[in-house]
Amino acid sequence: MSSSSCASLEIVRVPCLSDNYGWIIHDPATKNTAVVDTPEAKPYQDELAKRGWKLTHILNTHHHWDHTGANEELKTDGVTVVGPIDEKPKIPGIDSAVGAGDVVAFGSTQATVMDVGGHTKGHIAYYFPDSKSVFVGDSLFALGCGRMFEGTPDQFWTSLKGLRELPDDTTVYCFGVLMGAVMNE
Ligand SMILES: [Fe+2]
């Protein structure tokens, strides 16, 4: 699996299902470890075991099955599930429901929650300013955006403009492979 370091965080890409990526975020200072969305458990479990990391957080971006399906399997003791407040009833095992502007504490750093609704109405992104990183789920891909299942064009465009306003040196961590966006659920 590819890995990169962004300021204080180690970020690992984990292929899941046939055409998705999941992400592991590890804070070496505190050993806090998060996964962003949970299409399936085993690829994450294998990668965590290989690295000797213990999961502490699940950060869900939206309710779709390929982003939350393994929440309950991965939610062992000591794991906090964070997800979008507007989709709370659809997020298995959710402990902390968050919305735009909320701050999610994670180890020695923190993420700011962004409203990026459009693909789903309540879709959120997690922006880690200290690490110049944003995890966008299915809202934005390398060559497009996610399919507009629930939102409106105005809502989606407002969301994309919000992402565009992030600093130019922000790394965008999306969930699919290149143009898989259109078909991604
Ligand atoms: Fe989706």
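Just so it is clear, the structure is predicted and the values come from calculations on it, not from any experiment. Hydrogens, waters and symmetry mates are skipped; everything else that's a heavy atom, side chains included, is used. Each ligand, and each atom within it, is numbered from 1 in the order the structure gives.
The nearest pair of heavy atoms linking D138 to H123 is N-NE2, 3.1 Å. Contact detail for G22 and Y44: the closest heavy-atom pair is CA-OH, 3.1 Å. Taking all atoms of both residues into account, the shortest heavy-atom contact from K121 to E150 is N-OE1, 2.8 Å. T56 approaches F106 most closely through the heavy-atom pair OG1-CE1, 4.2 Å.
Geometry about the Fe ion (ligand 1) gives an angle of 90° between NE2 of H119 and OD2 of D138, rounded in steps of 10 degrees.
The distance from the Fe ion (ligand 1) to the nearest N/O/S atom of H62 is under 2.8 Å. Residue D66: no N/O/S atom is found under 2.8 Å from the Fe ion (ligand 1). The nearest N, O or S atom of H123 is not closer to the Fe ion (ligand 1) than 2.8 Å.
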>> Is there a ring pair (Phe, Tyr, Trp, His ring centres under 6.0 Å) between Y173 and F135? Walk through the geometry before answering.
In response: CA-CA 5 Å; Y173 293 88; F135 294 84; 4.7 Å; yes
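Per residue H64, closest N, O or S atom to the Fe ion (ligand 1): atom name ND1.
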